[in-house]
A.B. asks: 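I have a structure I would like to understand better, so I am pasting it below and will then ask my questions one at a time.
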Amino acid sequence: MDSTKETSNTYKEDLLLRMGLNDNKAGMEGLDKEKINKIIMGATKGSRFYGNELKKEKQVNQRIENMMQQKARITSQQLREAQLQVDRFAMELEHCRDLSNTIVHVDMDAFYAAVEMRDNPELKDKPIAVGSMSMLSTSNYHARRFGVRAAMPGFIAKRLCPHLIIVPLNFDKYRVVSKQVGICLAPTSICSWVSCRIRSQLQMPRHNWPEERRRYFIKTGNSAENDEPGKEVNNLSEYELSASPLLFEDSPPDLQPPGNPSQVNCKEQNKLQIPQKSVVFGTSAEEVVKEIRFRIEQKTTLTASAGIAPNTMLAKVCSDKNKPNGQYQILPSRQAVMEFIKDLPIRKISGIGKVTEKMLKALGIITCAELYQQRALLSLLFSETSWHYFLHISLGLGSTHLARGNLQVEG
DNA sequence: GCTAGAAGGACCC
DNA sequence: AACCAGGGTCCTTCTAGC
């Protein structure tokens, strides 16, 4: 085989991985990546940015080469010892596994773009992005179909989607909405964290309110003033009912759907319900989260997605699973966690970026199960902090508590 | 050699 | 026509001073 040719081919692939479309985002499945990458590379080639990326790519390749050399020097004796040590540690971690907390990760759908679409209905059915010609902060789902996404320069986005509308950033507006969302979270949780970018995690106590406190009267119209439970809101129309995901069914997580014994999976369709004037939410975690999302939508007319899991790491991954306007729960059992983790690509985990992804890929690791299989090797090749982190991930472990203190709104 | 602090990198949104 | 963020955390590596 022509080795020069092969090197240049892998090199090209490397660059595409670094500079090409990153479709690791909701709403970007099944795109014509090849076509999109061609346009991106055509627009970026020769720029200062391109030169810099080339340099960084070489550094990463060097790191990988060093790692592979180190790997080649490892003896089977060393590996056996490492295996014992790592497994001892894994057993300790397993012993301390805490499934008693319910962590919820709430994430607004295409937040900035959604706010702009809400405030300018003309944008509703058009591909839009928020930012400038030099940099985009986010895009709506129409635009994502063209490969337009956050952190992409606007001028490249325009090449991918010539009729893309770019709306300038309006932070003051997002701050206001972000505060409103915070208010929606507060009564159902013991603490939460809300940022301007709208991502928040909450830890839930058991939700044992009486039914009256869980009853909501459907609100209509744009004004979003009346969100107190139990207060009457008028003018219910079928239109508005269908525009809003209605969340009537009360299915506690222990009532599992057949065929999927360990997980409850729900992605609501905006189905037209029999007109009713009030909604009552149940007391299961799933229901509380539906309630939170309902409150957010009533208050802001924007949708949110959420993940429910026994720790923050998993909750975050879950929140992406049924995006937009959906939620997903991993039930608090070891089996459910391991089942979820098994085929999960490590890149989906917060903290594993493109460099770590590439280094681990060089060791044949793509999924969390593979990460677990290679645990002994990883302990010999990476720092203690890193391999501990990898081991936590591969066991589906994460932080089970959030920083104390009530609502923080960051701007 | 050791350590504290600075600098730099990876990653996140 | 030209145009590829900015602010944060956490970790690793470098370096100066002992």
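Naming convention: chains lettered A, B, ... in sequence-line order (proteins, then strands); numbering from 1 in each chain.
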A.B. asks: Is there a salt bridge (Lys or Arg N to Asp or Glu O under 4.0 Å) between A:Asp23 and A:Arg149 once you walk through the steps?
C.D. replies: CA-CA 9 Å; A:Asp23 61 354; A:Arg149 59 158 296 159; over 6 Å; no

A.B. asks: Taking atom types as modelled, find out whether A:Asn140 and A:Lys126 have a side-chain donor-acceptor pair closer than 3.5 angstrom.
C.D. replies: no

A.B. asks: When the distance from CG of A:Asn52 to P of B:dA10 is rounded to whole Å, what number comes out?
C.D. replies: 11 Å

A.B. asks: Restricting to nitrogen or oxygen on both sides, can you table the protein-nucleotides 2-4 of chain C pairs closer than 3.5 Å?
C.D. replies:
{"residue": "C:dC4", "atom": "O4'", "partner": "A:Ser134", "partner atom": "O", "Å": "3.3"}
{"residue": "C:dC4", "atom": "N4", "partner": "A:Thr44", "partner atom": "OG1", "Å": "2.2"}

A.B. asks: Is a donor from one side chain sitting under 3.5 angstrom from an acceptor on the other, for A:Thr303 and A:Asp109?
C.D. replies: yes

A.B. asks: Tell me which residues in residues 371-396 of chain A lie within less than 4.0 Å of DNA chain C, going by non-hydrogen atoms.
C.D. replies: A:Ser383, A:Thr385, A:Ser386

A.B. asks: Which whole-number value in Å describes the distance from A:Asn22 CG to C:dA5 P?
C.D. replies: 16 Å

A.B. asks: For A:Lys56, which contact category applies under a 4.0 Å heavy-atom criterion: base, sugar-phosphate, or nothing?
C.D. replies: nothing

A.B. asks: Grab the CZ-P distance between A:Arg347 and B:dA10 for me, whole Å please.
C.D. replies: 13 Å

A.B. asks: Name the residue from A:Lys323, A:Lys321, A:Glu286 that meets the side-chain contact (heavy atoms from CB on, under 4.5 Å) definition with A:Tyr328.
C.D. replies: A:Lys321

A.B. asks: Any idea how A:Tyr216 and A:Phe281 line up, ring-wise: parallel (<30°), tilted (30 to 60°), or perpendicular (>60°)?
C.D. replies: perpendicular

A.B. asks: Centroid-to-centroid, A:Phe146 to A:His163, below 6.0 Å?
C.D. replies: yes

A.B. asks: Does A:Glu287 pair with A:Arg214 as a salt bridge, N-O distance under 4.0 Å?
C.D. replies: no

A.B. asks: Classify the nucleic acid contact of A:Thr356 as base, sugar-phosphate or nothing, counting any heavy atom under 4.0 Å across all strands shown.
C.D. replies: sugar-phosphate

A.B. asks: Is there side-chain contact between A:Arg97 and A:Leu397, with at least one heavy-atom pair below 4.5 Å?
C.D. replies: yes

A.B. asks: Using whole Å, report how far CD of A:Glu53 lies from P of C:dA5.
C.D. replies: 10 Å

A.B. asks: Is A:Lys316 touching bases, backbone alone, or none of the nucleic acid, heavy atoms closer than 4.0 Å?
C.D. replies: sugar-phosphate

A.B. asks: Quantified in whole Å, what is the P atom distance between nucleotide B:dC12 and nucleotide C:dC4?
C.D. replies: 23 Å

A.B. asks: Just checking, is any N or O donor in the side chain of A:Glu116 or A:Tyr174 under 3.5 Å from an acceptor N or O on the other one?
C.D. replies: yes

A.B. asks: OP1, OP2 of B:dA10 versus side-chain N and O of A:Arg63: anything below 4.0 Å?
C.D. replies: yes

A.B. asks: Classify the nucleic acid contact of A:Ile166 as base, sugar-phosphate or nothing, counting any heavy atom under 4.0 Å across all strands shown.
C.D. replies: nothing

A.B. asks: Find the distance A:Ile352:CD1 to C:dC10:P and express it as a whole number of Å.
C.D. replies: 17 Å

